[in-house]
Structure formats: C-alpha cells, structure tokens
Amino acid sequence: YHKQEIEAVHRAIDGCGRDMVLSLSPGAAPLAEAAHLSAHANMWRMTDDFWDDWAQLRKMFDYCRDWFPYVGEGHWPDCDMIPAGVLRLCNEDGHKTEFTHDEQLTLMSLWAIFRSPLMFGGDLPNNDAFTLSLLQNEDVIGINRSSVGGREVYRRGNEIVWAANGTGGAYYVARFNVGEAELHSEFDPVFLGLDDEIAARELWTGEKQKGRTICSVIPPHGVRLYKIMVLV
C-alpha cells in the first residue's frame with residue numbers, strides 16, 4: 001500500500017479537467033488505511049480476488065461488517081466482481097458459476113445493502129434468465145443506489161441480519177442464512193425504531209406480509225430481502 005502514489009494519482013485526476021473514477025485494487029485493502037482511502041480514492045477492493053466459492057462469500061460478511069462505516073458518497077469499499085453466469089472463458093462454452101441460485105441471491109443482496117460497486121464478471125451475451133433476473137431487479141438495484149446507513153444489525157447462530165434506510169419512509173432488511181440447514185426465523189423490527197404494524201415485501205419473490213413481526217423460512221446459504229413500510 002503506497003500512500004504517496006495514490007495521492008499523486010488523485011491530484012492528477014483532480015487537475016485533468018474531466019470526471020474520472022479512481023478504483024484501487026491493492027489486494028486486501030488495509031483497514032487501518034480506511035481514512036486515507038476514503039479521502040483519495042472512489043473505490044477500493046477489500047479482498048484478494050473473489051471467485052465463485054462459498055467460503056469466500058461467507059468471509060465477505062466479515063469484510064463488510066468491518067468496512068461498512070467507511071461507505072459514503074464518492075467513496076465505496078468494493079466487494080469485487082460478481083462471478084455469476086458464464087465464467088472462465090478458456091473454451092468455447094466457458095464455465096458456469098459454482099454458486100447455487102440461493103448463494104447468488106445472497107451475494108447480490110449483500111452487495112446491494114452494503115452498497116458495493118456492482119460490476120458483473122461473467123459473459124454478458126451468454127446470460128440465462130436467472131442471471132438476468134439478478135441484474136435487472138430494480139428494487140435491489142435501488143437499494144444499492146440510494147439507501148443509506150447499511151449496516152450489520154446482529155448475528156445469531158447462522159442468521160446474519162443487515163438493515164438500511166430507504167427513501168420515502170422505507171426500510172430494508174436482509175436476513176441471511178449462512179448455515180447448512182433451513183432456518184425458520186421470526187423477528188420484531190423494533191431495532192429499526194418501529195413500534196407499529198408494518199408491511200413487508202420480499203424483493204426477490206414478491207411475497208408480502210403485514211403485522212408486528214416478519215416470519216421467514218430461509219434456505220441454506222440463502223437470503224430473504226425485505227422492503228418495509230409502516231402502516232398508517
């Protein structure tokens with residue numbers, strides 16, 4: 001990690017007379033340099049190369065937990081490319097991602113609520129319908145674009161919960177199951193400061209709930225991602 005070189009590039013961009021993004025790929029960025037990175041770069045990779053491996057995706061929850069205080073307008077920690085669809089184009093057909101569908105939903109939900117830059121790492125012309133559904137979900141993309149305060153709320157066993165604030169009084173809650181068995185979970189969103197009945201819509205399936213609590217059945221390595229509104 002070379003501070004002087006980063007600062008020199010930053011100054012050059014400021015003086016070039018056009019808008020540019022400074023994206024750094026130093027391997028695993030040092031958390032101790034978070035303030036310097038926020039001041040001099042627009043995005044920086046938090047990890048070494050990220051591939052379609054569940055162990056790496058599971059570890060990304062730790063990176064995001066450590067780095068979310070440094071997400072802000074104009075400077076974003078970067079979870080790396082999205083390894084979905086067809087990868088490794090070393091032959092005519094390539095190689096489909098090793099991630100299951102549930103793992104891909106988990107990845108997209110975490111990247112969105114953490115507000116990582118979204119960069120697709122697959123072969124776009126060969127995307128199937130499921131891969132396109134990941135990239136074209138406007139509600140999920142909207143979380144990445146305009147939510148604020150995305151943060152890890154708690155970990156209980158194999159459940160990891162993230163939340164963020166949206167526009168127009170909306171809240172977002174992502175409930176992840178990082179375990180190997182189906183997870184049945186119920187919670188009262190009092191941690192959002194809500195003490196009223198709510199309406200919740202799951203953004204991947206469209207499932208709707210109303211009441212004081214949100215009940216979820218989450219598959220192994222899966223997620224339920226909700227948009228929540230207070231019922232008036």
Side-chain angles (χ1 to χ4, degrees), residues 1-16 18-52 56-84 99 103-122 124 134-153 160-167 170-174 176 203 223 225 227:
Y1 186 81
H2 303 286
K3 288 185 177 181
Q4 292 182 341
E5 287 85 346
I6 293 171
E7 292 171 10
V9 175
H10 181 198
R11 289 193 299 269
I13 290 175
D14 284 347
C16 76
R18 58 175 293 186
D19 292 333
M20 295 177 66
V21 171
L22 177 56
S23 174
L24 302 179
S25 182
L31 187 62
E33 300 297 342
H36 186 263
L37 288 162
S38 299
H40 296 285
N42 301 111
M43 44 194 280
W44 55 91
R45 206 171 73 190
M46 301 183 295
T47 72
D48 293 322
D49 289 345
F50 178 80
W51 281 100
D52 49 335
Q56 290 189 33
L57 180 52
R58 175 64 182 83
K59 179 63 177 176
M60 193 65 73
F61 284 93
D62 298 333
Y63 283 109
C64 292
R65 176 191 58 194
D66 293 340
W67 279 99
F68 79 79
Y70 304 101
V71 175
E73 294 305 317
H75 50 89
W76 297 277
D78 170 15
C79 293
D80 203 7
M81 297 283 187
I82 298 167
F99 282 137
E103 289 167 350
Q104 291 175 69
L105 294 174
T106 287
L107 184 155
M108 288 297 298
S109 300
L110 180 61
W111 267 233
I113 203 165
F114 177 70
R115 298 195 69 194
S116 173
L118 300 181
M119 300 175 291
F120 185 68
L124 284 170
L134 296 175
L135 306 179
Q136 296 177 338
N137 187 311
E138 294 183 3
D139 290 314
V140 177
I141 300 301
I143 297 174
N144 184 260
R145 287 178 174 170
S146 59
S147 68
V148 296
R151 71 276 186 196
E152 182 182 299
V153 179
I160 300 177
V161 173
W162 276 67
N165 299 333
T167 59
Y171 299 87
Y172 299 106
V173 173
F176 300 96
L203 298 183
V223 64
L225 177 61
K227 179 178 182 179

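- More than 12 heavy-atom neighbours from other residues, nucleotides or ligands sit within 6.0 angstrom of CD on Glu5.
- Between the CZ atom of Phe114 and the OH atom of Tyr63 there is a distance of 12.0 Å, given to the nearest 0.5 Å.
- In this structure, CG on Leu225 lies 9.5 Å from CG on Leu105, to the nearest 0.5 angstrom.
- Rounding to the nearest 0.5 Å places OH of Tyr70 at 13.0 Å from CE of Met46.
- Considering all non-hydrogen atoms of both residues, Ala39 and His10 come closest at O-CE1, 3.3 Å.
- Across all non-hydrogen atoms, the minimal contact from Leu31 to Asp66 is CD1-O, 3.8 Å.
- In terms of heavy-atom proximity, Leu37 sits nearest to Ala29 at CD1-CB, 4.0 Å.
- Shortest non-hydrogen contact noted between Phe68 and Glu152 is CE2-N, 4.0 Å.
- Residues Thr47 and Cys79 have side chains not in contact (no heavy-atom distance under 4.5 Å, counting atoms from C-beta outward).
- Of all heavy-atom pairs between Phe176 and Thr106, the closest is CE2-O, 3.6 Å.
- Nearest heavy-atom pair, Leu24 versus Ala41, reported as atom, atom and distance to 0.1 Å: CD1-CB, 3.7 Å.
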side-chain contact (heavy atoms from CB on, under 4.5 Å) for Glu103 and Arg58? Distances and angles first, verdict last. CA-CA 10 Å; Glu103 289 167 350; Arg58 175 64 182 83; over 6 Å; no
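- Interatomic distance, Leu118 CG to Ser116 OG, rounded to the nearest 0.5 Å: 6.5 Å.
- For Met43, the side-chain contact (heavy atoms from CB on, under 4.5 Å) criterion is met by Val21, Ser23, Asp78, Pro117, Met119, not counting sequence neighbours.
- Ion pairing between a basic and an acidic side chain is recognised when a charged N comes within 4.0 Å of a carboxylate O; Glu138 and Arg145 show no such pairing.
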Using the rule given for salt bridge (charged side-chain N to carboxylate O under 4.0 Å, His left out), can you reason through Asp62 versus Arg65, listing the C-alpha separation, both sets of side-chain angles and the distance that settles it, and then say yes or no? CA-CA 5 Å; Asp62 298 333; Arg65 176 191 58 194; 3.6 Å; yes
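- Between Trp111 and Phe50, the ring planes are tilted. Angles from 30° to 60° get that label.
- In this structure, His36 and His40 have tilted ring planes: the angle between them lies in the 30° to 60° band.
- Between the side chain of Asn42 and the backbone N or O of Gly74 there is at least one donor-acceptor pair closer than 3.5 Å.
- Here the CG-CE distance, from Asp14 to Met20, works out to 10.5 Å after rounding to the nearest 0.5 Å.
- Remark: side-chain polar atoms of Arg151 are not paired, donor with acceptor, to backbone N or O of Trp162 under 3.5 angstrom.
- With contacts defined as side-chain heavy-atom distances shorter than 4.5 Å, the pair Ile143/Leu203 qualifies.
- Rounding to the nearest 0.5 Å gives a distance of 6.5 Å between CG of Asp80 and CG of Asp49.
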